[in-house]
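Residue numbers start at 1 and run along the sequence shown.
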Amino acid sequence: MPASDFVWACNLDELEAKGRLVVHGRHPPILLIHDGGRVFALDNRCPHMGFPLERGSVEDGILTCHWHHARFDLASGCTFDLWADDVPTCPVEIRNGHEVWIRPAFGHADPSRHWQKRLDDGLAHDLSLVIAKAVQGQLAAGVSPASILRQAVLFGVQNRDDWSTGLTILTGLGNLLPILPDEEVYLALFHGIRRVAADCEGQPLRRERMPLTSHPDPAALERWLRRWSGVRHREAAERTLLTAIATGMPQAELADLLFSTATDRIYADSGHSLDFVSKAFECLDLIGWEHAASVLPSVVGQMTAARGAEEMTAWRHPIDLVTLCGTAADELRDPLEANRGEAPWTGHVSLAESLLGDDPSAILQALQAAARDGAAPTDLGRSLVYAAALRVAQFGTANEHADWETAHHVFTYCNAAHQALKRIEAGRARAGAATEAVRGVLHGAMAIYLARYLNVPPARLPGDGDDRLDDLPAAQDEIRAALLDAFDRQQQVETAGRLVARHLRLGHPPSALIATLARALLREDAGFHAYQILEAGVRQFHAWGNTDQGRHILVAIARYLAAHFPTERSALQTADMARRLLRGGQLHENAGT
């Protein structure tokens, strides 16, 4: 019969005698309970992890599941434990005084609304399984990944007073969503959102700050923001930024404003400060610029508090790199402003090779020469990131394991500087746009210089020259399977790099290889940096395309990931449990009960 119709379930006398019965049919098993003279009908599956509620106990109108002790109100199915979710109920009628009829219609009147509420609960209480089920439930209800991401981002900026690593992860994964298969879209959203929840747990809510009521001109706003950031006056800096947003400052000018301020400090917080600012802009590209006043001010706290490399000995002695950068920045202004609208510049690879040199003065001079030859700020940024990728691709495994993070920080900082310059230049914020933010290229170049010890001696780049890698599989499916197998084992850095190079050298689709790298990441309990480096690497590969340089970039990413895999993969287990529960799976059947 149609689920909307009532069906006979049992005789009331039988139910009273047994206390509970399970009704089977063309619907999920329904648990009937007689308690206190009333009859209740509920889904027999505990919403937490699917354990049969018939095995639970009833006392004082409360049903307790005996697997994890989730407790539910019999009358409504509502849980007393938010981590468990509510039990679906169905209507009951007693007919002719002794017949129990039920309408076996489960589900929610508005599934998308229900799962949005549950995602809010999961975020508020840092409940990974609830988050996983809510993400899966929303996707099944037809909610777009962008809408789910937006919900989590707005929670993150409202329930923490600063931008977080979780928001960076979520934004980075959001950038990758268009290239991921459906199953990986679910995992990407789950991983990003659970990290946002963890970052907000126990944190004070965001303090509301207001823009000025005046309308200063853009030049004044830039002077003020840089002044307040320089003296670490967060409140003043936030009010200045909010004023810029409230007065309708265009996106490119906002980018110029914030990136110029962020580069007043050199390589701040090992590059994280600039990367967080860049990710906040990318986040707005994903969720909508109408949320700028909620998102952008969240980066000001770290930006004003960040420690710059100018405060570090390595940047001052034995060579004063800070002074060299300042002089070079002054000398770059005129050629960069003169190059606007010139013909495309093509010396990216040659410049990148110069950036890997051993003389900081010569490195900065190479950047100045490129600008005089017609290179735009974005050209300098592109060469910079490729040079930084080579530091990772040629990382010598004789270094300490922690040194991978030094190479990672340089690469992701340089990527952030490149993305910032692209954003400013695309909007042509003003005459001479990006000439202040281009200082990030100079700072990145010096960070690459300081990390030169990581390539002593340099690891060989697989697939270059006559290195055909013929000892490896040739079929693309076999290569990708071997790559996933390598990530299952420790100390497979060189193997992973060679398999990536083999895949690309044979002309197999790069998109399939990138999807495999994403799959490898999303099955792990990966650290913050692993998410950062994959997203940055994919962006830079797309900038270079399937060239030798693009291959080197993906080799770098695979080597870094292999150095940090495998992990326990506990989050993957949680995601899999949620997926099975939403599909009607019985988890308890594999639990030895």
Check against side-chain contact (heavy atoms from CB on, under 4.5 Å), D471 and R498:
CA-CA 10 Å; D471 58 314; R498 295 181 76 240; 2.8 Å; yes

Apply the test side-chain contact (heavy atoms from CB on, under 4.5 Å) to residues W163 and V295: give CA-CA distance (whole Å), side-chain angles for both, the deciding distance (0.1 Å), then the verdict.
CA-CA 8 Å; W163 184 267; V295 172; 3.8 Å; yes

Are R480 and Q476 close enough, and set up right, to give a side chain to side chain donor-acceptor pair (under 3.5 Å), and what steps lead you there?
CA-CA 6 Å; R480 296 200 296 272; Q476 58 177 310; 3.0 Å; yes

side-chain contact (heavy atoms from CB on, under 4.5 Å) between T397 and R559: does it pass, once the steps are laid out?
CA-CA 10 Å; T397 53; R559 296 183 82 241; 4.0 Å; yes

Does the side-chain contact (heavy atoms from CB on, under 4.5 Å) test come out yes or no for R391 and L356, once each step is laid out?
CA-CA 8 Å; R391 286 283 187 240; L356 294 170; 3.7 Å; yes

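Remark: R579 engages E183 in a salt bridge, criterion side-chain N to carboxylate O under 4.0 Å. Under the 4.0 Å criterion applied to side-chain N and carboxylate O atoms, D485 and R489 are assigned as salt-bridge partners.
The CG atom of D470 sits 9.0 Å away from the CZ atom of R505 when rounded to the nearest 0.5 Å. Note that NE2 of H552 is 15.0 Å distant from CD of Q540, once rounded to the nearest 0.5 Å. Between the CG atom of D576 and the CD atom of Q136 there is a distance of 10.0 Å, given to the nearest 0.5 Å. H191 NE2 to I169 CD1: the interatomic distance, rounded to the nearest 0.5 Å, is 10.0 Å. Here the CG-CE distance, from D269 to M303, works out to 12.0 Å after rounding to the nearest 0.5 Å. A distance of 11.0 Å separates CG of L167 from CD1 of I193, quoted to the nearest 0.5 Å.
Of all heavy-atom pairs between C325 and L442, the closest is O-CD1, 3.6 Å. Minimum interatomic distance between A188 and L177 (heavy atoms only, all atoms of both residues): CB-CD2, 3.9 Å. Contact detail for A474 and R502: the closest heavy-atom pair is CB-NH2, 3.7 Å. Nearest heavy atoms, L521 versus Y531: CD2-CD2, 3.7 Å. Residue L336 comes nearest to A375 through the heavy atom pair CD2-O, 3.6 Å, listed as atom of the first residue, atom of the second, then distance. The two residues I424 and A437 have their closest heavy-atom pair at CD1-CB, 3.7 Å.
In this structure F190 satisfies the ring pair (Phe, Tyr, Trp, His ring centres under 6.0 Å) test with no other residue, sequence neighbours excluded. Legend: residues meeting side chain to side chain contact (heavy atoms under 4.5 Å, CB included) with A314, ordered by chain and number and at least two apart, are absent. Applying the side chain to side chain contact (heavy atoms under 4.5 Å, CB included) criterion to A407, with sequence neighbours excluded, gives V392, F395, L454. In this view, L513 and L483, V500, H503, L504, L554 satisfy the side chain to side chain contact (heavy atoms under 4.5 Å, CB included) rule, not counting sequence neighbours. By the ring pair (Phe, Tyr, Trp, His ring centres under 6.0 Å) test, F541 pairs with no residue at all, sequence neighbours left out. In this structure Q151 satisfies the side chain to side chain donor-acceptor pair (under 3.5 Å) test together with D120, Q138, sequence neighbours excluded. A search for ring pair (Phe, Tyr, Trp, His ring centres under 6.0 Å) contacts involving H68 returns H48, not counting sequence neighbours. Partners of R569 according to the salt bridge (charged side-chain N to carboxylate O under 4.0 Å, His left out) rule, which considers only residues two or more places apart in sequence or in another chain, are D488, E524. By the ring pair (Phe, Tyr, Trp, His ring centres under 6.0 Å) test, F281 pairs with F259, W289, sequence neighbours left out. With sequence neighbours left out, R382 forms a side chain to side chain contact (heavy atoms under 4.5 Å, CB included) with H348, H418, W544.
Within 6.0 Å of NE2 in H317 there are 12 or fewer heavy atoms belonging to other residues, nucleotides or ligands. Dense packing is recorded around CD of E311, with more than 12 heavy atoms of other residues, nucleotides or ligands lying under 6.0 Å away.
For residues 449-475, the set of pairs meeting the ring pair (Phe, Tyr, Trp, His ring centres under 6.0 Å) definition, not counting sequence neighbours, is empty. Residue pairs satisfying the ring pair (Phe, Tyr, Trp, His ring centres under 6.0 Å) criterion with at least one member in residues 468-500, sequence neighbours excluded, are listed as follows: F487-F565.
Side-chain atoms of D525 never come within 3.5 Å of backbone atoms of T567 as a donor-acceptor pair (strictly under, hydrogens ignored).
A donor-acceptor contact closer than 3.5 angstrom is absent between the side chains of Y267 and H409. S278 and E282 share a side-chain donor-acceptor pair at under 3.5 Å.
Partner of H564 under the side-chain hydrogen bond (donor to acceptor under 3.5 Å, both in side chains) criterion, chosen from H529, E405, H408: E405. A side-chain contact (heavy atoms from CB on, under 4.5 Å) with Y386 holds for exactly one of L351, I553, L355; it is I553.
With a 4.5 Å cut-off on side-chain heavy atoms, E310 and R316 count as touching.
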